[in-house]
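Below is one structure, written out as structure tokens; comments come after it.
Ligands are counted one by one from 1 in listed order, and the atoms in each one are counted from 1 as well. Both backbone and side-chain heavy atoms feed into the values below; hydrogens, waters and symmetry mates do not. Numbers here simply count residues along the sequence, with the first being 1.
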Amino acid sequence: MKRSRILSMMALASATALTLAACGGGDAEGDGATAGGGENAAADGKTLRLALNQTEEHPSFIALDNWGNSLEEATDGRWSIEVYPNETLGAQQEALQLVSDGSVDLAIVSGTQLENLNEDFRVFNLPKVFDDVEHQMKVIHDDAIVGDLYSSLEESNSLTVLGGFTQGARSVYTTFGPVESPEDFAGKKLRVQESDLHIAMAEALGASATPMAFGEVYTALQSGVLDAGENNEVSYWTQKHYEVAPDWSYTNHLVGLDYLIVNSDLLEGMSEEDKAIFLDTWTAAHEEHTELWTTATQDAIEQATAGGATFHEIDSAAFDEALSGLAAEFITSDTQQALYDAARNAAE
Ligand code: GCU
């Protein structure tokens with residue numbers, strides 16, 4: 001990473017930490033358990049701050065908010081969660097940094113972000129690695145498959161991964177009419193998440209790749225900086241991208257994945273009893289999220305259609321063919337191959 005980028009991330013992280021401290025968020029219980037590395041351990045409990053980049057209507061916000069309530073109830077109020085939606089604590093790259101340094105306790109980040117810290121996470125960001133949501137959830141909550149991966153950032157970054165939420169199947173949406181093959185994307189700028197793999201994916205889809213944070217996409221589509229985006233229907237609707245890119249084409253190129261990350265020192269500092277409750281209630285939360293997902297997707301399609309979007313069913317064979325070389329290109333180690341094989345073996 002370039003030095004200037006690291007410095008600007010650090011500046012942003014400390015600015016956000018100052019804002020949090022100023023609004024009282026830095027030490028919710030007044031117990032001295034403020035931001036910063038190992039000091040984050042608050043064995044007796046506190047209000048945990050969770051960074052999210054989705055709106056309050058999104059199933060991720062709903063499931064996380066409910067998680068906070070169950071945790072509070074089950075620990076007699078010792079632990080609770082305040083979910084900060086809409087990138088209030090920063091976009092995902094910054095949120096990752098803030099959880100790592102302990103200024104924020106928890107965040108939901110896309111798999112593409114973790115790929116930048118450990119390339120093994122790439123495997124689950126590949127097109128076609130998961131057949132569907134059910135397959136994905138089975139793999140990413142199977143400790144035998146993901147145990148080492150999820151603890152791999154503890155020493156280096158003080159981050160523990162606890163599992164995740166599906167992003168559902170992702171397709172493309174455009175400002176210039178529907179697409180049916182990579183040729184239709186010639187000369188068009190397609191926004192992707194900040195990941196080398198997804199840059200290569202956009203190029204394979206025939207477009208010119210523009211990596212960008214989620215919260216910037218609407219304005220970029222509106223102003224013509226972008227010609228297209230790729231996401232699930234739920235974010236297409238909740239972020240209102242359909243207003244500025246009304247044609248959705250079902251490429252279904254990827255079942256995307258969000259992870260829940262927690263500051264490792266915080267987790268370690270919990271009593272065994274509270275940690276068990278924390279993990280059990282989190283399991284209930286991701287199960288609820290999976291249940292909410294199907295209905296949320298249907299609702300999003302209806303709402304976006306009512307708002308002027310058109311959803312085009314297409315023959316995605318030309319796109320599938322174009323993406324088929326990415327696994328061989330991006331799986332470069334035995335560990336990655338083993339993760340890929342384990343994921344594929346778990347498919348029905
Ligand atoms: C989905 C996903 C987010 C991600 C976003 C994106 O909405 O849930 O975590 O940030 O896609 O495309 O950036």
Non-hydrogen atoms of H58 versus ligand 1: any pair closer than 4.0 Å?
no

Determine, using heavy atoms of Q54 and all atoms of ligand 1, whether some pair is separated by less than 4.0 Å.
yes

With a heavy-atom distance limit of 4.0 Å, tell me whether [X] approaches ligand 1 through its side chain, its backbone, both, or neither.
{"X": "I108", "value": "neither"}
{"X": "V217", "value": "neither"}
{"X": "Q239", "value": "neither"}
{"X": "E87", "value": "neither"}

Ligand 1 atoms nearer than 4.0 angstrom to some heavy atom of D258 are 2 (C), 3 (C), 8 (O), 9 (O)

Would you mind listing which atoms of ligand 1 come within a distance below 4.0 Å of any non-hydrogen atom of R170?
1 (C), 6 (C), 11 (O), 12 (O)

Return the orientation label for the F130 and H135 ring planes: parallel under 30°, perpendicular over 60°, tilted otherwise.
perpendicular

Anything under 30° is parallel, anything over 60° is perpendicular, the rest tilted; go ahead and classify Y242 against Y236.
perpendicular

Check: Y259 and L257 side chains under 4.5 Å, non-hydrogen atoms
yes

With no hydrogens and no angle check, do the side chains of E194 and Q113 hold a donor and an acceptor under 3.5 Å apart?
yes

Give me the residue, atom name and distance of the protein heavy atom closest to atom 12 (O) of ligand 1.
R191 NH1, 2.6 Å

Using 4.0 Å as the upper bound for N to carboxylate O, is an ion pair formed by K128 and D320?
yes

